[in-house]
Amino acid sequence: MAKSEETSSSSSSRPWESYHTVYTNAKAGMDGVDKEKVQRVVYEMSKGSKYFENEERKEAYMKQKIENMRAQRAKLKPADISHYQRVADKRIAELEATRDLTRTWLHVDMDAFYAAVETLSNPSLKGRPMAVGTMSMISTANYEARKFGVRAAMPGFIACKLCPELIFVPTDFKKYTYYSDLTRKVFQEYDPNFMAASLDEAYLDITNVCKERDITVAEVTEELRQNVYKATGLTCSAGVAPNRLLAKVCSDINKPNGQFLLPNDRAAIMTFISSLPIRKIGGIGKVTEHILKDVFEIKTCEDLLQKSSFFCALFSPSSADFFISVGLGLGGTDAPQVRSRKSMSNERTFSATKDETFFHQKLVELSEMLSADMEKEGLHGRTLTLKLKTASFEVKTRALTLQSSLRSSKDILKHASKLLKAELPVSLRLIGLRMSHFNEDKDGTLSDPTQRTLLNYIKPGDDNTNLVDDEHSDVKDHSESHCYTYTNPSRDPLSELNDNNEQVVEDNGLEDHECKDQLNAVKSSEFDAQGIETHSLEGRNQDQLTMIDFSEKETGSSSSHDKEALIWLEDYKCSLCGVELPPSFLEERQEHADFHLAEKMQMEEESAHAYRNLPLKNRMRQKEAVVGQSKGRKKLKQSPSNGKHIPIDAFFSKASHNL
DNA sequence: GGGACCATTAATG
DNA sequence: TTCCACATTAATGGTCCC
Ligand SMILES: Cc1cn([C@H]2C[C@H](O)[C@@H](COP(=O)(O)OP(=O)(O)OP(=O)(O)O)O2)c(=O)[nH]c1=O
Ligand SMILES: [Mg+2]
């Protein structure tokens, strides 16, 4: 489930109140919790800490972002709005046309999974408040503990304050994977192709079972939960709906040991989501919720549809599609795709230090673990990413891509050390390593995913809904993004030719490459330090930015008068540039209008940068969003239409040897 | 203009 | 007594090099 976040913000005699809904989001097992008290305790325990300060930093960043969007919104003229309303309406119609109510999806979610498993192996824990994790962080808590406000992703020492009786149990992934496997055996009987979303969650397409056995959805769901219980002794909750996005929302409704069914009926769906808080949707987290609420007054999914024009105007096309889809209650219904893992990583936290010998020791350990893990899956990677968390909780990543892929702990360590060296001296509290850019070892499984998509975009009403759905599935079902379709643990042994492929290229252009990357890493480390507010940008860069801003501003301000709303003179000629486009060229006209608007906004925006040092990033920027609309169609997403068949569930097996 | 890389943010469990 | 994990994916946007 979504985790809760803390956030600071002061002012007011009761500072904890402005403490953004810390661990108090309405969640299963949280009824009757004294939220105010929880909030206060968490605040008291947090304030003044390094962690807290970092949270404040992040909060400030977010506020900036919101202000940014507010400004953008304010810039929209009535003409713009009506234009984008038309764009939005069209998109709504297109998306609506992809609605598929023929499938029945079920989402299962085990109740307090880790905690429940621990209780199984130690029944004396039953009925007593317990959390799985450590004093510094707990993974989850049972429902008894939740009554005190104790929740997943809450530091243990805070949980202790909330619930002095709290019992801590260390995590034991072996156990969880074991029980997870048991549940999956049950799932398999209802949908052999079910998607495993995590150890404790899965999506099943139960359309066929219902049909074949001629029983109702309710019966199937009831039976499945019963069978899971019989097989494991664990309870779970389920949600059923015509698509995965909604099914997931539904499984949370009667959370502990319950189920909720949403009929495959458009009216029912619309009613269901109309009052649904957007935060309930997978993919909409704390930040997005805030932006939508503070900038557009959007709280429910219904609001989402009302404000659709803003999305088309200010967000990237993929984001706009996602929001509109949610507003329509659409979600993934297509058959699960087989996805292979994209990265493998490990990281460790320790008490902050500057001891470089210690760092090195950590790198050795991490390299060895990572290497071993990769070997288990027969992977070789080309990109190594070093992750650091400073004593002040700032996170940095430094990556390096090599000519040939590697896996040996020696190689990993060698490059990792180099990356780290460039960052010294620093005081760190965490070091991590990640490998990506996998080569799929030997066994034929092709490597490069040169995904093709485009096709999906061209024709909306096209032949199959699956393709179209697939297209949106990226965005839409963000929560399913790490699902793996299940395959029996019957895979073949590993490779033998592995070592070949890396040796060959070995020494060649390596030096060159590495040097370049090295520079790059150092350079950006100064630059990005990401100091929107307090941090000052590197002088040189700052100047450059400013200069650009001014130059843009001049041209911008002079022409911004001219570039008001676009009108089609005599219904075919552009009032701004004179280009001629007959009324029937709807798409082209829209793109043309977008072009002018983008042009205008870009200038305005850039001139705004001259005043404040605004962050230049974030997907919520309209400049690209608008431009993207015309040409960006192909650029956005694309997903998993790449058909590689590399069944793995390895992700989960890996988790097992991770403490 | 597009591709390869890199860094950061957001989100999920 | 100490004072906030770890694994994974995706989107976005910047830089550099054709
Ligand atoms: C949310 C979260 C979960 N987990 C682990 C522990 C959880 O038992 C497991 C499944 O997550 P959840 O399904 O989110 O939580 P849960 O199963 O413990 O409780 P419930 O579903 O009844 O609300 O994932 C983490 O390790 N870190 C996290 O931040
Ligand atoms: Mg669960």
Identify whether any heavy atom of A/Ile138 sits under 4.0 Å from a base atom; if not, whether one sits that close to sugar-phosphate; answer base, sugar-phosphate or nothing.
-> nothing
For B/dA4, does either OP1 or OP2 sit under 4.0 Å from a side-chain N or O belonging to A/Arg382?
-> no
Of C/dA7, C/dC4, C/dT12, the nucleotide closest to the side chain of A/Ser318 is C/dT12
How does DNA chain B look in dot-bracket notation if pairs are Watson-Crick or G-U with both distances under 3.5 Å, crossing ones as [ ], other-strand ones as |?
-> |||||||||||||
When you match A/Arg434 and A/Ser49 each to their closest nucleotide on DNA chain C, which lands nearer the 5' end?
-> A/Ser49
Check: A/Asn142 side chain, A/Met130 main-chain N or O, donor-acceptor pair, under 3.5 Å = yes
Answer with yes or no whether A/Ser46 presents, from its side chain, a donor or acceptor under 3.5 Å of a partner atom in the base of C/dC4.
-> yes
Which value, rounded to the nearest 0.5 Å, describes the distance between A/Leu199 atom CG and A/Tyr178 atom OH?
-> 14.5 Å
For the atom pair OG1 (A/Thr385) and NZ (A/Lys396), what is the distance rounded to the nearest 0.5 Å?
-> 15.5 Å
Audit row: A/Thr183, A/Tyr179, side chain to side chain contact (heavy atoms under 4.5 Å, CB included) steps and yes/no = CA-CA 6 Å; A/Thr183 67; A/Tyr179 281 95; 5.6 Å; no
Proximal nucleotide (of C/dC6, B/dA10, B/dT12) relative to the A/Arg279 side chain = B/dT12
Indicate yes or no: does A/Glu347 engage A/Arg434 in a salt bridge with an N to O separation below 4.0 Å.
-> no
Any cation-pi pair here, A/Arg146 with A/Tyr143, using under 6.0 Å and within 45°?
-> yes
How long is the line joining NZ of A/Lys387 and P of C/dA7, in whole Å?
-> 9 Å
Between B/dT9 and A/Lys286, is there an OP1 or OP2 to side-chain N/O distance shorter than 4.0 Å?
-> no
Is the phosphate of B/dA7, meaning OP1 or OP2, less than 4.0 Å from a side-chain N or O of A/Thr385?
-> no
Quick one: A/His437 NE2 to B/dA7 P, roughly how many Å, whole number?
-> 13 Å
Select one nucleotide: of C/dA10, B/dT8, B/dT9, the one nearest the side-chain heavy atoms of A/Lys396.
-> B/dT8
Atom OG1 of A/Thr390 and atom CG of A/Leu428: how far apart are they, to the nearest 0.5 Å?
-> 7.5 Å
Residue-phosphate contact under 4.0 Å: A/Lys65 side-chain N/O, B/dA10 OP1/OP2 | yes
Whole angstrom is fine here: how far is it from CD in A/Glu201 over to P in C/dT8?
-> 17 Å
Would you kindly give the CE-to-P distance between A/Met344 and C/dT9, to the nearest whole Å?
-> 9 Å
Of the candidates C/dT12, B/dC5, B/dA10, the side chain of A/Tyr61 sits closest to B/dA10
Whole-Å distance between C/dC6 P and A/Tyr176 OH?
-> 15 Å
For the side chain of A/Ala399, counting heavy atoms from C-beta on, which of C/dA7, C/dA5, B/dA7 is nearest?
-> B/dA7
Does A/Thr288 put a side-chain nitrogen or oxygen below 4.0 Å from OP1 or OP2 of B/dT9?
-> no
Within this structure, what is the CG-to-C1' distance between A/Asn54 and B/dT8, rounded to whole angstrom?
-> 13 Å
Can you figure out which of C/dA7, C/dA11, C/dA5 approaches the side chain of A/Ala153 most closely?
-> C/dA5
Nearest to the side chain of A/Ile158, which nucleotide is it out of C/dC4, C/dT9, C/dA7?
-> C/dC4
Relative to the 5' end of DNA chain C, which residue comes earlier, A/Glu347 or A/Arg429, by the nucleotide with the nearest heavy atom?
-> A/Arg429
Answer yes or no: is there a donor N or O on one side and an acceptor on the other, between the side chain of A/Arg244 and the main chain of A/Asp334, under 3.5 Å?
-> yes
From the options A/Lys58, A/Arg57, A/Glu53, select the one residue that forms a side chain to side chain contact (heavy atoms under 4.5 Å, CB included) with A/Glu55.
-> A/Lys58
Ignoring backbone atoms, test whether A/Arg341 places a side-chain nitrogen or oxygen under 4.0 Å from the OP1 or OP2 oxygen of C/dT9.
-> no
Give the rounded distance in Å between these two atoms: CZ of A/Arg398 and P of B/dC5.
-> 18 Å
Between CZ of A/Phe168 and P of C/dC3 the distance, given in whole Å, is 16 Å
OP1 or OP2 of C/dC3 under 4.0 Å from side-chain N/O of A/Ser136 | no
Which nucleotide sits closest to the side chain of A/Asn346: C/dA7, C/dT12, C/dA5?
-> C/dA7
Between C/dA7, C/dC4, B/dT12, which nucleotide has the shortest distance from any of its atoms to the side chain of A/Lys248?
-> B/dT12
